[in-house]
Amino acid sequence: MTHPRSARCFAAAVLAALAIPSGLRARDCDGGACPSPADRRACPLERTSSLADDDDARGVASGTRPAPLAGGRLSKLFARGSGLAALRGATSGETNPNAAIYRAWLEQQQQLKDRHLILPLWRPLGPVRVAPGTEPDNNINALGRLNTLAFDPEDPKKIYVGAGAGGFWRSNDGGRSWETPSIDPRTLAVSGIAVDPRDSQHLYLLTGDGNGWTLWHPALPSIGVLESRDGGNTWRFAGSSWIASETLIFGFALVLAPGSSDVLFAATTEGLYRGTRAADGWTWEVVQQGSFRDVVFMPGSCCVGYAATVSAVYRTSDGGDTWTPIFEPDWSANDKPMNRRIALGVTPKAPSTVYAVAGSDNGLTGVYRSDDCGGDFELRSNAPNVLGYDDKGTGDSAVAFYALSIGVSPHDVDEVLVGGVSIWKSTDGGRSFTLSGYWQRYYERVGGGKGEEEVVPLYPYVHADIHALAYHPTRRGPTGRSEIFSTNDGGISWSDDGGEHWHDVSHGLRITQIFKICGTPQDPELIYFGAQDNGSSRLGPDQVAYPAANSDGGVCLIDYQDSRYRYLSQQQGRFTKSSDGGKTFVSITPPRGTNANAAYITPLVMHPQRPEVLFTCFEDLFVSHDRGARWQNLTDGDLGSKKCVQVAVAPSDPRVIYVAKEHELYWSRDGGTSWTVRTPPLPVPPPSITDVAIDGRDPGRAWISFGGYREKVKVYETSDYGFSWRNVSAGLPNLPVRTLLHDPGGRNPLYAGTDIGVYRRVDDPRDDRRSVWLPFMAPPLIVNDLEIYRNPRSGEARLRAGTYAQGVWEIRLDPWGQEEQEE
């Protein structure tokens, strides 16, 4: 399709702004095939860069993580990142975790083949839906984070989305239901999706979690671009992967060159990549250095495209061969390049128009618009702060480097949506904005007298942190306005009236990133979990989450004798208790004093014989004998000043207590009166300790697990209360072991949670040193926590895994710990 207006505009703008002689004018390539490489010299010349001091030109921004920020929600986000890195137990910058997962998965497949083993299939327990709260409330729990979305050009009801860790999903009915075609470990982290306009079964996927990386998460880097020829059922690498790259690469956007099925552009931290398919396969090259966050092409043009780094907007006029910086926002309010971000928006209604919204941790830098193909940008507005937290747009903070997006109506060039923490809408081309969807639930009472009042939402609710905003190219709602979709930290939201109202359409997505799970022998269906971004919830047998607490959910406990008593936690050691079966919760956080140094996921442990006794640990170990009403410091500085990672109390002798810190292990045999610290002969230098498990029948026997990527240093065992240790890592993949579980009622009672699922230690009755770990879970998911339910009368057993990807999974065991065979 040709666009004469855009062709005239482009030629006029270039000639006027750059004073290019008419003899050098480009031929009109709008809507046609791009010129051959030799002919591209005749495409419009780019403006000589006036951005000589641009951070990207100097390479300052490339490959550098954002600087930590102080204050409010920002400090929470960065504390979370540090805490999750500790959970992974990995040192930054040394190993590509995503590549390690893929390699370990390939090795696992070979191991299964060599041993003639078939992995037992676990069943998902959800959640796939969140129950609505009682109105009015301020509950903001949802399912989990989605990074990106794409539409099928042939089927207007088909939508594709990609999660930060929960995989690739598609809907065939406009978002009413969702399915994941397969669980391939390469597709768990998704940053971009592109659909071939000539064949909608032909998909491309940019791997990795760029948004997670910006918050110092232990995010999964990209391992390249994947290609599917069957609508996402199976995937293969589009050419060589980036697995072997010595630099960790994080991606943010993926587009096909207009009119092409075989030319891709990927915006990454290590530059703007171009992939080209030829007869002999794919080739990938960096066509522009810099730390890129977005890339789009001018609608209807095969030559003109725009890309954004953390500091500037670039343009190509030759189909992507060369890129030149054309615009830099006024960053005077923020001098930290990696805490900035720019998002770009175009519309087929006015192909020559391009929007750029720029923001940082200080809020909105500006909404800019060019109507001459990027020749000149006009500042449309820099207030209110549409990227921040306040419903009036006041304040000077945001998380734009993590969540920033823009959508432009395909039918009205002046209708624009901008997403940061919330969604704001403009109908005058970005000059003014009104709140479209707010990140908190607020209600007001309207109506007359007593009994006639009605509680109504003050604003439409959309979960916080908007990662993508997209107008559907063809679908319209009942009023004739375009349908709009938004991916965010809670899932995906939908509007059929131009953003006046929003509805969550995440139902069916299994994308919850779980930290911890808990159950009770009194009830096999009573399960709680704590999740990233989405608090703590009770998990119903209908795969519905019933929210109980907001923020980030951590450790949870249920009294194993009286399930009326339930305990939840939030990040950095904030604990609550319910005495009425979860109807109400009260705070039981210990007085911190000098113990302010708490791990992000703070340990909370119940005494194995007296459930009213609780233990927690910040820097010191605390005990409560009355279910958290009062706390006593047991160690008072004896354990040093580092954060506690885990606490374990021996089930058969509660006087035996282990406390794990990052590289240190303390234990007591007298209930905490005296302590022994042990590092050697554990690995030196030691990886981070991630968990401690004690034999349920022998208090002198225990195991500790390690994070990181040190080959064959995964699990160590002691049989003498920690005085000596031996390595029992044989069979485990070279991945962090995140959690350990000992089942005293099982035949092979030791389980480990890894980045590719659960492993079980299979004992050799003739020689314990020949015991080996074997994979025990399909599909291959990141497992943060393990919990076992065992019926005290029948011996029925269920092993559950809390995955940092797709919620809670379960497998039924026989009374001796072997998986039950399905009929």
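The closest side-chain heavy-atom distance from Leu344 to Ile406 is not below 4.5 Å. Inter-residue side-chain proximity for Arg293 and Val310 is flagged as met; some heavy-atom pair is nearer than 4.5 Å. Counting heavy atoms from C-beta on, the side chains of Lys516 and Ile601 come closer than 4.5 Å. Within the 4.5 Å cutoff, the side chain of Tyr471 has heavy atoms near those of the Ser482 side chain. Pro156 has its side chain within reach of His472: a pair of non-hydrogen atoms, C-beta onward, lies under 4.5 Å apart. Ser536 has its side chain out of reach of Cys556: every pair of non-hydrogen atoms, C-beta onward, lies at least 4.5 Å apart. Looking at heavy atoms from C-beta onward, Leu125 lies out of side-chain contact with Trp809 at the 4.5 angstrom threshold. Residues Ser537 and Tyr546 form no side-chain contact, since every pair of their non-hydrogen atoms from C-beta on lies 4.5 Å or further apart.
Put simply, CD1 on Ile558 and CG on Leu526 are 4.0 Å apart, with the number rounded to the nearest 0.5 Å. Within the model, atoms CD1 of Ile159 and CZ of Phe485 stand 3.5 Å from one another, a figure rounded to the nearest 0.5 Å. We find the CZ-CG distance between Arg145 and Asp533 to be 7.5 Å, quoted to the nearest 0.5 Å. Rounded to the nearest 0.5 Å, atoms OG (Ser486) and CG (Asp504) are 10.0 Å apart. To the nearest 0.5 Å, the span separating CG on Leu254 from OG on Ser191 amounts to 9.5 Å. Atom OG of Ser579 sits about 8.0 Å away from atom CZ of Arg564, to the nearest 0.5 Å.
The backbone N or O of Phe168 lies less than 3.5 Å from a partner atom in the side chain of Thr180, making a donor-acceptor pair. Listed for the Ser426 side chain is a donor-acceptor partner under 3.5 Å among the backbone atoms of Ser432. At least one donor-acceptor pair under 3.5 Å links the side chain of Trp169 to the backbone N or O of Gly166. Using modelled atom types, one side-chain atom of Thr602 and one backbone atom of Gly573 make a donor-acceptor pair closer than 3.5 Å. In this structure, Arg538 contributes its side chain and Ala548 its backbone to no donor-acceptor pair below 3.5 Å. Without hydrogens or angle criteria, Asp294 side chain to Ile342 main chain gives no donor-acceptor distance under 3.5 Å. Checked by atom type and distance alone, the side chain of Ser506 never pairs as donor or acceptor with a backbone atom of Leu509 at under 3.5 Å. Judged by distance alone, the side chain of Asp465 and the main-chain N or O of Tyr402 form no donor-acceptor pair under 3.5 Å. Judged by distance alone, with hydrogens and angles left aside, the side-chain atoms of Gln513 form no donor-acceptor pair with the main-chain N or O of Ala531 at under 3.5 Å. Here the side chain of Asp552 pairs no donor or acceptor atom with the backbone of Gln532 at under 3.5 angstrom.
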Next on the checklist: If you apply the rule side-chain contact (heavy atoms from CB on, under 4.5 Å), what do you find for Ile423 with Lys425, and how did you get there?
Outcome noted: CA-CA 7 Å; Ile423 300 176; Lys425 180 178 179 179; 6.0 Å; no
Next on the checklist: Show, in sequence, the C-alpha distance, side-chain angles and deciding distance for Tyr355 and Val408, and conclude whether the side-chain contact (heavy atoms from CB on, under 4.5 Å) test is met.
Outcome noted: CA-CA 8 Å; Tyr355 284 90; Val408 188; 3.7 Å; yes
Next on the checklist: Show, in sequence, the C-alpha distance, side-chain angles and deciding distance for Arg431 and Glu378, and conclude whether the salt bridge (Lys or Arg N to Asp or Glu O under 4.0 Å) test is met.
Outcome noted: CA-CA 10 Å; Arg431 299 186 188 279; Glu378 174 193 358; 3.1 Å; yes
Next on the checklist: Leu404 vs Val357, test: side-chain contact (heavy atoms from CB on, under 4.5 Å). Steps then yes/no.
Outcome noted: CA-CA 8 Å; Leu404 181 67; Val357 56; 4.2 Å; yes
Item to check | side-chain contact (heavy atoms from CB on, under 4.5 Å) between Leu417 and Ile484, worked out | outcome: CA-CA 10 Å; Leu417 291 172; Ile484 312 169; 3.5 Å; yes
Next on the checklist: Pair Phe529, Phe515 - check ring pair (Phe, Tyr, Trp, His ring centres under 6.0 Å), show working.
Outcome noted: CA-CA 8 Å; Phe529 65 84; Phe515 289 140; over 10 Å; no
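For Ser405 against Ala343, the heavy-atom pair with the smallest separation is CA-CB, 4.1 Å. Between Thr347 and Pro410, the shortest heavy-atom contact is OG1-CA, 3.4 Å. Closest approach of Ser177 to Asp173, counting heavy atoms only: OG-OD2, 2.7 Å. Closest non-hydrogen pair, Asn385 versus Leu364, comes out as OD1-N, 2.9 Å. When all heavy atoms of Ala189 and Gly164 are compared, the pair lying nearest together is CB-O, 3.3 Å. In this structure, Trp178 and Val505 approach most closely via the heavy-atom pair NE1-O, 2.8 Å.
Within the structure, every pair that satisfies the salt bridge (Lys or Arg N to Asp or Glu O under 4.0 Å) test and touches residues 471-486, not counting sequence neighbours, is listed here: Arg475-Glu483, Arg481-Glu500. Counting only residues at least two apart or on different chains, no salt bridge (Lys or Arg N to Asp or Glu O under 4.0 Å) pair has a member in residues 388-409.
Trp502 and Ser436 share a side-chain donor-acceptor pair at under 3.5 Å. His501 and Asp496 share no side-chain donor-acceptor pair at under 3.5 Å. Side-chain contact annotation: Glu328 with Ser311, donor-acceptor N/O pair under 3.5 Å absent. Side-chain polar atoms of Tyr368 and Arg380 form no donor-acceptor pair below 3.5 angstrom. For the residue pair His463 / Asn534, a side-chain donor-acceptor distance below 3.5 Å is found, with atom types taken as modelled. Looking only at atom types and distance, the side chain of Gln440 has no donor-acceptor partner in the side chain of Tyr389 under 3.5 Å away. A donor atom on one side chain and an acceptor atom on the other are not found under 3.5 Å apart for Thr512 and Arg510.
In this structure, Arg627 is positioned above the aromatic face of Tyr565, its NZ or CZ under 6.0 Å from the six-membered ring centre and within 45° of the axis. Stacking of Arg170 on the aromatic ring of Tyr160 is not recorded, the 6.0 Å distance cut-off and the 45° axial limit not both being met. For the pair Arg441 and Tyr461, the cation-pi test (distance below 6.0 Å, angle within 45°) is passed.
For Phe250 and Trp213, the ring centers are positioned less than 6.0 Å apart.
Annotation: Arg176, atom CZ; neighbour count of heavy atoms from other residues, nucleotides and ligands within 6.0 Å does not exceed 12.
With sequence neighbours left out, the salt bridge (charged side-chain N to carboxylate O under 4.0 Å, His left out) criterion links Arg369 to Asp371, Asp414.
Phe575 and Phe618 have parallel rings, their planes meeting at less than 30° on a 0 to 90° scale where 60° marks the start of perpendicular.
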